[in-house]
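Here's the structure, in structure tokens; my notes come after.
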Amino acid sequence: MKFDFETVVDRSTTGSMKWKGAMRKLQRPLTIPPLSTADMEFVCCPSIEKSIIEALTNKGVMGYTLQPDGYNEAVLKWLKEEHGYQAKEEWILQTFGIVQALYTAIESFSEVGDGVLIQPPVYHQFQKTIENTKRVCIENNLIYKDGRYFMDFEDLEKKAKQAKIMILCSPHNPVGRVWDKEGLERVQKICNENNVIMIADEIHFDFIAKGYHHTCYGTLEESNMILCTSPSKTFNLAGLNISNIVIPNEELRNRFKQQLNCWGLHYQNYFGFYATMGAYSDEGKAWKNELNEVIADNFKTIKEFFNTNYPQMHVVELEATYLVWIDMSCLNMKGSDLEKMLMEKGEIFIEDGSKFDGNGEGFIRINIACPKSVLLEVLNRFKKALG
């Protein structure tokens with residue numbers, strides 16, 4: 001490996017949300033990183049660090065900042081070369097994160113009481129965003145069959161008639177699915193027939209396992225689409241608050257921009273721009289490729305561990321993301337009780353599957369974007385906690 005994916009970083013004093021939350025629950029310092037929130041435990045990509053340092057030494061001027069020279073080119077190149085999507089510069093807007101983009105899109109394209117479609121079990125912020133904006137959450141639950149998840153298209157056709165917006169998680173968090181092109185085209189057709197605006201959250205689109213292919217929703221030539229992308233998951237930059245939102249339809253883009261202006265959101269984080277350019281570089285691409293190898297190896301380790309020690313617990317195949325979804329329903333425990341037991345007996349922090357709604361009860365989600373030594377220690381603690 002050219003890059004460092006083995007150093008264990010102590011983030012207990014850095015303000016890490018994940019670490020602080022775990023320490024509050026445990027009521028003492030941590031002895032191992034928590035594997036809950038989708039926040040990686042790796043040393044920063046060198047090209048990002050270099051880019052930020054260069055920005056810091058740029059004569060010390062960090063005032064109101066729009067896209068610096070080279071920013072849009074870097075984003076467009078990444079979308080084209082990594083995801084086959086030929087976007088245009090004028091289509092791209094920035095937000096402080098994809099969750100903020102969800103709020104903005106829902107407020108821009110729907111009214112209070114309108115329906116918004118999601119596909120549980122899914123990232124819990126989707127439902128929170130819908131509830132907080134006083135829209136109606138319409139659930140098109142995924143089907144869990146033979147250890148794998150599938151879309152329920154018949155149900156989607158019925159529920160789309162009640163919706164103004166659909167939020168698509170692609171690749172899917174937490175179940176790790178890569179949706180194939182045929183399935184996405186079917187979703188697109190259903191949305192078009194019912195005038196449903198698509199918000200495609202593709203924040204995990206750089207984490208695709210070998211043998212799978214991610215189809216960027218933008219390549220489907222969808223006009224009523226808001227494509228949400230960000231370097232924050234791929235390069236662990238959530239603290240720099242920058243996402244790139246692609247909206248080809250001029251009318252929708254103007255309405256989205258107007259809503260941002262109404263909230264006084266005119267400028268982005270100065271360092272976020274430079275970190276993105278460092279990430280979307282040749283060295284950043286090489287770092288990302290090695291990262292995917294590390295995640296694949298970690299997944300192999302965790303899958304072998306459960307197959308050997310707990311074969312009655314099914315590890316769902318990781319087609320994408322770095323978040324492993326495990327069926328532990330054989331324990332007949334509520335997710336909150338299981339989460340508490342693992343914390344108290346092993347100082348293991350995971351995500352209770354019931355937080356993702358749908359049929360998530362009895363599952364857990366584990367973040368495996370961590371050094372191998374951390375993962376092995378957590379698995380050792382699993383044996384002590386579960387017996």
Side-chain angles (χ1 to χ4, degrees), residues 1-23 30-53 78 82 97-98 171 173-174 176 203-210 229-243 269 271-272 274-303 305 318 320-324 347-351 365-381:
M1 286 283 178
K2 176 183 177 182
F3 302 102
D4 180 7
F5 293 104
E6 291 301 326
T7 297
V8 181
V9 181
D10 180 0
R11 302 170 65 192
S12 59
T13 62
T14 65
S16 164
M17 183 182 74
K18 180 172 69 169
W19 281 63
K20 291 187 77 170
M23 287 188 288
L30 300 178
T31 63
I32 194 169
L35 302 185
S36 47
T37 305
D39 178 339
M40 298 194 291
E41 294 295 328
F42 296 122
V43 173
C44 182
C45 171
S47 59
I48 294 173
E49 185 177 355
K50 179 182 178 182
S51 187
I52 290 175
I53 291 172
W78 191 267
E82 295 298 308
I98 286 182
N173 167 24
I203 196 168
H204 291 280
F205 66 174
D206 288 319
F207 299 102
I208 309 298
K210 287 184 178 180
T229 76
S230 177
S232 65
K233 278 290 178 284
T234 311
F235 297 94
N236 219 39
L237 302 179
L240 293 180
N241 299 108
I242 191 160
S243 294
N269 184 310
F271 292 109
Y274 288 93
T276 301
M277 290 192 288
Y280 290 167
S281 64
D282 289 341
E283 185 174 43
K285 179 178 180 179
W287 187 89
K288 181 266 296 181
N289 290 341
E290 279 197 11
L291 169 61
N292 274 309
E293 293 178 16
V294 171
I295 291 168
D297 185 60
N298 280 356
F299 178 67
K300 180 181 177 182
T301 297
I302 196 170
K303 188 173 182 180
F305 171 83
L318 191 66
T321 83
Y322 53 77
L323 305 165
V324 180
E347 197 185 312
I348 301 168
F349 288 89
I350 48 82
E351 292 286 354
R365 191 192 75 174
I366 301 179
N367 171 0
I368 61 167
C370 61
K372 174 62 75 65
S373 61
V374 171
L375 180 61
L376 291 175
E377 174 59 23
V378 168
L379 294 180
N380 184 52
R381 295 183 184 202

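Keep in mind that the numbers below use all heavy atoms, side chains included, and drop hydrogens, waters and symmetry copies. Since this is a predicted model, take the numbers as computed values, not measurements.
- In terms of the side chain to side chain donor-acceptor pair (under 3.5 Å) criterion, Thr14 has no residue partners (sequence neighbours excluded).
- Here CD1 of Ile208 is found 8.0 Å from CG of Asn292. Values are rounded to the nearest 0.5 Å.
- The 12-atom threshold is exceeded at NZ of Lys18, counting heavy atoms of other residues, nucleotides or ligands nearer than 6.0 Å.
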Verdict with reasoning, Lys372 to Glu377, per salt bridge (charged side-chain N to carboxylate O under 4.0 Å, His left out) = CA-CA 9 Å; Lys372 174 62 75 65; Glu377 174 59 23; over 6 Å; no
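- In this structure, Ile98 and Ser243 have side chains that are in contact, with non-hydrogen atoms separated by less than 4.5 Å.
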Evaluate the side chain to side chain contact (heavy atoms under 4.5 Å, CB included) criterion for residues Val8 and Ser373: first the C-alpha distance (whole Å), next the side-chain angles of each, then the deciding distance (0.1 Å), finally the verdict.
-> CA-CA 8 Å; Val8 181; Ser373 61; 3.7 Å; yes
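- Note on Glu293 versus Lys288: no salt bridge recorded, every NZ/NE/NH1/NH2 to OD/OE distance being 4.0 Å or above.
- Take Asp4 and apply the salt bridge (charged side-chain N to carboxylate O under 4.0 Å, His left out) test, not counting sequence neighbours, and it matches no residue.
- Among residues two or more places apart in sequence or in another chain, the ring pair (Phe, Tyr, Trp, His ring centres under 6.0 Å) test is passed with Phe5 by Phe42, Trp287.
- Partners of Glu347 by side chain to side chain donor-acceptor pair (under 3.5 Å), not counting sequence neighbours, listed by chain and number: Arg28, Thr31.
- Here the closest non-hydrogen pair linking Leu291 and Phe207 is CD2-CE2, 3.5 Å.
- Phe349 pairs by the ring pair (Phe, Tyr, Trp, His ring centres under 6.0 Å) definition with nothing, not counting sequence neighbours.
- The backbone N or O of Thr37 sits less than 3.5 Å from a side-chain atom of Asn367, completing a donor-acceptor pair.
- The salt bridge (charged side-chain N to carboxylate O under 4.0 Å, His left out) search around Glu351 returns Lys355, not counting sequence neighbours.
- For the atom pair Asn173 CG and Thr321 OG1, the distance stands at 6.5 Å (nearest 0.5 Å).
- Two residues are said to be in side-chain contact when any heavy atoms from C-beta on lie closer than 4.5 Å; Val378 and Ile350 fail this criterion.
- For Ala38, the side-chain contact (heavy atoms from CB on, under 4.5 Å) partners are Lys233, Tyr322, Leu323, Arg365, not counting sequence neighbours.
- One distance of note links NZ of Lys300 with NZ of Lys303; it measures 11.0 Å at 0.5 Å rounding.
- In this structure, the separation between CD1 on Ile203 and OG on Ser230 is 4.5 Å, given to the nearest 0.5 Å.
- Partners of Asp39 under the side chain to side chain donor-acceptor pair (under 3.5 Å) rule, at least two apart in sequence or in another chain, are Arg11, Asn236.
- Annotation: the span from Cys370 atom SG to Met40 atom CE amounts to 11.0 Å, rounded to 0.5 Å.
- The CG atom of Asn298 sits 5.0 Å away from atom CD1 of Ile368, with the distance rounded to the nearest 0.5 Å.
- By the 4.5 Å heavy-atom criterion applied to side chains, Ile348 and Leu35 are not counted as neighbours.
- You'll find the side chain of Leu30 stays beyond 4.5 Å of the side chain of Ser12, heavy atoms only.
- Legend: residues meeting side-chain contact (heavy atoms from CB on, under 4.5 Å) with Lys285, ordered by chain and number and at least two apart, are Trp78, Glu82, Asn289.
- The side-chain contact (heavy atoms from CB on, under 4.5 Å) search around Asn241 returns Phe96, not counting sequence neighbours.
- Looking only at distances, no side-chain donor or acceptor of Glu41 sits under 3.5 Å from a matching main-chain atom of Pro371.
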Cut-off 3.5 Å, no hydrogens considered: what does the side-chain donor-acceptor table look like for residues 44-52, sequence neighbours left out?
residue : atom : partner : partner atom : Å
Ser47   : OG   : Gly278  : O            : 2.7
Ser51   : OG   : Tyr274  : O            : 2.6

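- Contact of the Ile242 side chain with the Leu237 side chain is not registered, since no non-hydrogen atoms from C-beta on lie closer than 4.5 Å.
- By the side chain to side chain donor-acceptor pair (under 3.5 Å) test, Thr229 is found to be paired with no residue, residues two or more places apart in sequence or in another chain being considered.
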